[in-house]
There are 2 protein chains.
Amino acid sequence: MARNKQYHQFLRQCGLKVTSTRLLVLDVLMSTRTALSHSDILDKTRGSRLDKVTLYRTLNTFITHGIAHKVASEDRNWLYALHPIDRNNTVRDDHAHFICDQCERIYCLPVQTRNSMPAPESEEGFVIRTHEYRLHGICPQCH
Amino acid sequence: MARNKQYHQFLRQCGLKVTSTRLLVLDVLMSTRTALSHSDILDKTRGSRLDKVTLYRTLNTFITHGIAHKVASEDRNWLYALHPIDRNNTVRDDHAHFICDQCERIYCLPVQTRNSMPAPESEEGFVIRTHEYRLHGICPQCH
DNA sequence: GATTTTATTGCAACTTTGTTGCATTTTAGG
DNA sequence: CCTAAAATGCAACAAAGTTGCAATAAAATC
Ligand SMILES: [Mn+2]
Ligand SMILES: [Mn+2]
Ligand SMILES: [Zn+2]
Ligand SMILES: [Zn+2]
């Protein structure tokens, strides 16, 4: 409940009205290391009669306001996560998505940026603007 | 129709029965540069009364037999493509997916392998086995 | 070439994920 | 406290994909 004040301030900074739904969803997303699906979040908020449509809209609002982003899971639905934050509290938009082949959880991991971006091989006319690294393997939980 | 003989041989090599559906889908996938969705393929085969379930099953068969692979599109559904083939006719499983931000087409592009894989930064316990590069930008068609 | 075996196909019904329209409620600011 | 604007809940809908089952087509054996 001390958190709530911080979340409140944070939402207002983002130009959003503060609602109980937004505080709730923000808290769920804050308290996980892995990206969560819409139904994961619904499960974690059982008892708070949060409507599924409202949750979809809340997540989209978070995305359009730069609070969260979504990642496609291996079984074709969206997982949502807050933007990873650096040691110096700045948002890292250059990060990788680690997909555990065993538990299927997806983690947003900071990666070493010294690696150069893979360039298309002898292909002309492809102009790269952004990129996403998806890493597959085994996560610490499943090791 | 000269192609059909090649496809026929190819399917048998893969341990699959030769059916008109498989020949048809193989031909569609052969004759495109970009990954296609289930409904793209249905559209391109209109007139051949190919059932949607049969198409899903055919695509999955191609995947489990190493003929094709699927890529998640930006709007959360699967696009299917044959494995890209090298100059020396060997399958490249190390390639990038180029997503055009304008036309939303996805291309499988060979990439220079000299770039090292991005390693997780100071994170322990993540064992990377494979990876996928997703590159966003503008494709030659939309340039 | 006909027969048998086995895999593939088509259809209907269903599930899961996500969207739209609209009436009601909540928020923020004066 | 009052008001305008935004957020919410509900019902109905749409798209993507799956399951079970009976009918059909491929290929192996004779
Ligand atoms: Mn991420
Ligand atoms: Mn590919
Ligand atoms: Zn795991
Ligand atoms: Zn394009």
Side-chain angles (χ1 to χ4, degrees), chain A residues 4-5 7-26 28 35-65 67-80 104 106, chain B residues 4-5 7-26 28 35-65 67-80 104 106:
Chain A
N4 258 16
K5 211 144 214 171
Y7 294 161
H8 193 291
Q9 198 180 355
F10 176 62
L11 288 170
R12 297 265 59 203
Q13 269 171 20
C14 296
L16 291 176
K17 290 191 172 178
V18 178
T19 70
S20 55
T21 299
R22 284 171 185 169
L23 290 170
L24 182 62
V25 175
L26 200 51
V28 170
L36 300 177
S37 70
H38 175 272
S39 74
D40 288 340
I41 300 172
L42 264 196
D43 285 352
K44 294 203 178 222
T45 58
R46 224 176 312 161
S48 37
R49 72 179 144 304
L50 168 56
D51 185 69
K52 62 170 190 151
V53 179
T54 305
L55 179 53
Y56 278 120
R57 292 197 269 229
T58 301
L59 291 168
N60 283 333
T61 302
F62 281 5
I63 289 173
T64 59
H65 285 73
I67 297 173
H69 66 290
K70 61 183 174 179
V71 196
S73 75
E74 291 304 287
D75 55 341
R76 85 130 194 14
N77 52 33
W78 291 121
L79 305 188
Y80 300 84
E104 308 219 290
I106 297 189
Chain B
N4 259 16
K5 210 142 216 171
Y7 294 163
H8 193 291
Q9 198 181 355
F10 176 63
L11 288 170
R12 299 265 57 201
Q13 269 170 20
C14 296
L16 292 176
K17 288 191 173 177
V18 178
T19 70
S20 55
T21 300
R22 285 171 186 169
L23 290 169
L24 182 62
V25 176
L26 200 52
V28 170
L36 300 177
S37 70
H38 175 271
S39 75
D40 288 340
I41 300 172
L42 265 196
D43 285 352
K44 293 203 179 225
T45 58
R46 226 176 309 160
S48 36
R49 73 178 144 303
L50 169 56
D51 185 68
K52 63 170 190 153
V53 180
T54 304
L55 179 54
Y56 279 121
R57 292 198 269 230
T58 301
L59 292 167
N60 282 334
T61 302
F62 281 5
I63 290 172
T64 58
H65 284 74
I67 297 174
H69 65 290
K70 60 182 176 181
V71 195
S73 75
E74 291 305 288
D75 55 341
R76 86 136 193 9
N77 51 33
W78 291 121
L79 304 189
Y80 300 85
E104 307 219 291
I106 298 190

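Letters A, B, ... are given to chains in the order of the sequence lines, protein chains preceding strands, and every chain is numbered from 1. Atoms considered below: every heavy atom in the structure, side chains included; atoms not considered: hydrogens, waters and symmetry mates.
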With a 4.5 Å limit on heavy-atom distance, are the side chains of [X] and [Y] in contact?
X	Y	answer
Leu16(B)	Ile67(B)	yes
Thr21(A)	Asp51(A)	no
Leu55(B)	Thr45(B)	no
Lys52(B)	Leu42(B)	yes
Lys70(B)	Leu59(B)	no
Leu26(B)	Phe62(B)	yes

When the distance from [atom1] of [X] to [atom2] of [N] is rounded to whole Å, what number comes out?
X	N	atom1	atom2	value
Leu42(B)	dT9(C)	CG	C1'	14 Å
Leu55(B)	dC11(C)	CG	P	14 Å
Asp51(B)	dT18(D)	CG	C1'	12 Å
Glu74(B)	dA16(D)	CD	C1'	17 Å
Leu23(B)	dT8(C)	CG	C1'	13 Å
Arg49(B)	dT8(C)	CZ	P	21 Å

(request) Using only side-chain N and O atoms of Thr58(A), determine if any of them is under 4.0 Å from OP1 or OP2 of dT8(D). (result) yes
Using every non-hydrogen atom in the two residues, find where [X] and [Y] come nearest and quote the distance to one decimal.
X	Y	answer
His8(B)	Leu23(B)	N-CD2, 3.9 Å
Ala35(A)	Asp40(A)	O-OD2, 4.5 Å
Ser48(B)	Leu24(B)	OG-CD2, 3.5 Å

(request) Sugar-phosphate means primed atoms, P, OP1 and OP2; the rest is base. With that split, encode nucleotides 24-30 of chain C 5' to 3' as B, S or - using protein heavy atoms under 4.0 Å. (result) ---BSS-
(message) Any side-chain to backbone donor/acceptor pair from Thr64(B) onto Asn60(B)? Under 3.5 Å, distance only.
(response)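 Judged by distance alone, yes, a pair lies under 3.5 Å.
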(request) Scan Thr21(B) against the nucleic acid and name what it touches under 4.0 Å (heavy atoms): base, sugar-phosphate only, or nothing. (result)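 Sugar-phosphate contact only.
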(message) For the CD atom on Gln9(A), are there more than 12 heavy atoms of other groups (residues, nucleotides or ligands in this structure) within a distance under 6.0 Å?
(response) no
Every protein N/O within reach of nucleotides 13-20 of chain C N/O, cut-off under 3.5 Å:
residue: dT17(C); atom: OP1; partner: Asn77(A); partner atom: ND2; Å: 3.2
residue: dG18(C); atom: OP1; partner: Trp78(A); partner atom: N; Å: 3.4
residue: dG18(C); atom: OP2; partner: Tyr56(A); partner atom: OH; Å: 3.1
residue: dG18(C); atom: O6; partner: Lys52(A); partner atom: NZ; Å: 2.7

(request) Estimate the overall bend of the helix from dG1(C)-dC30(D) to dG30(C)-dC1(D) from the end axes over five pairs each, rounded to 10 degrees. (result) 40°
